[in-house]
Amino acid sequence: MAQLFSGIVFTLIAAGALAFLVSMLRSEWDRVAAILAGEELAHARSIATRPVRVRVRKSWRAPERRRVQPLRAAA
């Protein structure tokens, strides 16, 4: 009985998730098709005024040397 109940519940959950996914794709299908066709990328490139340069710090460089504080005599 428990197996039957859990089978029905999980089948209904899977069917609901599938219906939700189909409704999302149907409402946004024009945009999904534009993205897959590359039209969105072309549109974004045409809007960009100038290319952006990103500087990446190399994390494998040697660490900076720490400044050594001069020793002070005890008072």
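Position 1 is the first residue of the sequence, and the numbers go up from there.
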Going from CD on Q3 to CD1 on I8, what distance comes out if it is rounded to the nearest 0.5 angstrom?
-> 12.0 Å
Say you draw a straight line from CG of L25 to CZ of F20; how long is it, rounded to the nearest 0.5 Å?
-> 10.5 Å
same_hphob_cluster(F5, F10) at 4.5 Å side-chain heavy-atom cutoff = yes
Can you tell me how far CZ of R26 sits from CG of L21, rounded to the nearest 0.5 angstrom?
-> 12.0 Å
